[in-house]
Amino acid sequence: QVQVVESGGGLVQPGGSLRLSCAASGRIPSIRAMGWYRQIPGTQRELVAIITSAGSTDYADSVKGRFAISRDGAQNTVYLQMNNLNVADTAVYYCYLDRPFSARTWGQGTQVTVSS
């Protein structure tokens, strides 16, 4: 069974940094893309960052210049480096995995709270 698990969330003060990890496991012969969404309670999930199998990346305007998504050599683990965090970044962050001929697989989410 293919699984996606996020880790690295926590409480941080404004201006601080966190690094989230997303590990995909199981039988995954091919990965199309992996990325991150975030969700504030009562709102829709919003795209934060994506990285394709070719290494191209894209970011939400709200995080450009502050967040960076990266991938390990095996392309089964991605990271989200979050710098200069502000209160508006407080959310549950979800990792996702896209595979050819498969529905999107979601992680369970990890809470990021930015507060003074």
Side-chain angles (χ1 to χ4, degrees):
Q1 182 69 29
V2 174
Q3 297 184 74
V4 175
V5 180
E6 309 97 329
S7 62
L11 176 64
V12 64
Q13 292 186 326
S17 298
L18 284 174
R19 184 172 183 252
L20 306 183
S21 298
C22 173
S25 62
R27 296 185 181 276
I28 310 175
S30 182
I31 295 175
R32 188 172 186 176
M34 296 182 72
W36 296 88
Y37 276 70
R38 65 185 181 187
Q39 184 174 30
I40 298 172
T43 71
Q44 298 284 97
R45 290 185 186 183
E46 60 182 14
L47 181 67
V48 176
I50 183 172
I51 184 166
T52 71
S53 60
S56 62
T57 60
D58 198 12
Y59 299 90
D61 288 341
S62 60
V63 307
K64 286 181 179 177
R66 299 188 298 120
F67 290 11
I69 189 170
S70 60
R71 183 190 64 220
D72 70 2
Q75 301 189 27
N76 59 1
T77 302
V78 297
Y79 307 93
L80 186 67
Q81 179 66 46
M82 305 186 295
N83 299 322
N84 298 316
L85 287 161
N86 56 61
V87 174
D89 295 317
T90 296
V92 178
Y93 284 72
Y94 295 90
C95 182
Y96 71 89
L97 164 69
D98 283 344
R99 295 171 287 154
F101 311 108
S102 299
R104 177 168 289 177
T105 302
W106 293 94
Q108 81 287 353
T110 185
Q111 177 71 47
V112 173
T113 301
V114 185
S115 177
S116 60

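None of these values were measured; they are calculated from a predicted model.
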Margin query: I want to check something: taking the side chain as every heavy atom from C-beta on, are Gln13 and Val114 in contact at a cut-off of under 4.5 Å?
Written below: no

Next item on the list: Taking Tyr59 for its side chain and Leu47 for its backbone only, find out whether a donor-acceptor pair lies under 3.5 Å.
Entry: no

Notebook entry, point to check: Are Val2 and Arg99 close enough that some pair of their side-chain heavy atoms sits under 4.5 Å apart?
Noted result: yes

Checklist line | Main-chain N/O of Ser25 paired with Gln3 side-chain donor or acceptor, under 3.5 Å | finding: no

Margin query: With heavy-atom distances below 4.5 Å as the criterion, would you say the side chains of Asn83 and Phe67 are in contact?
Written below: no

Next item on the list: Measure up the Trp106 and Tyr96 rings against each other and bin them: parallel (under 30°), tilted (30 to 60°), perpendicular (over 60°).
Entry: tilted

Notebook entry, point to check: Looking at OG of Ser62 and CG of Asp89, how far apart are the two atoms once the value is rounded to the nearest 0.5 Å?
Noted result: 7.0 Å

Notebook entry, point to check: Are the side chains of Leu18 and Leu85 in touch, meaning some heavy atoms are under 4.5 Å apart?
Noted result: yes

Notebook entry, point to check: Around atom CZ of Arg32, are there more than 12 heavy atoms of other residues, nucleotides or ligands at under 6.0 Å?
Noted result: no

Check: Atom CG in Leu20, atom OH in Tyr79: separation rounded to 0.5 Å?
Finding: 12.0 Å

Note to self: Checking Val4 against Cys22 for the side chain to side chain contact (heavy atoms under 4.5 Å, CB included) test, could you report, in this order, the C-alpha distance in whole Å, the side-chain angles of both residues, the deciding distance, and whether it holds?
What the structure shows: CA-CA 7 Å; Val4 175; Cys22 173; 3.2 Å; yes

Check: Does the pair Leu97 and Ile28 meet the rule for a side chain to side chain contact (heavy atoms under 4.5 Å, CB included), with working shown?
Finding: CA-CA 10 Å; Leu97 164 69; Ile28 310 175; 4.1 Å; yes

Checklist line | Residue of the set Arg38, Gln39, Gln111 for which side chain to side chain donor-acceptor pair (under 3.5 Å) holds with Tyr93 | finding: Arg38

Margin query: Working to the nearest 0.5 angstrom, can you tell me the gap between Ile51 CD1 and Asp58 CG?
Written below: 11.5 Å

Margin query: What I'd like to find out is whether the side chain of Ser17 reaches to under 4.5 Å of the side chain of Gln81, using heavy atoms alone.
Written below: yes

Item checked: Contact check, side chains of Gln108 and Val5, non-hydrogen atoms, under 4.5 Å -> yes

Checklist line | Note, Met82 side chain near Val63 side chain (heavy atom, < 4.5 Å) | finding: no

Checklist line | Atom pair OG (Ser56) and CD1 (Ile50), whose distance is rounded to the nearest 0.5 Å | finding: 7.5 Å

Check: With a cut-off of under 6.0 Å to the ring centre and 45° to the axis, is Arg45 in cation-pi contact with Tyr94?
Finding: yes

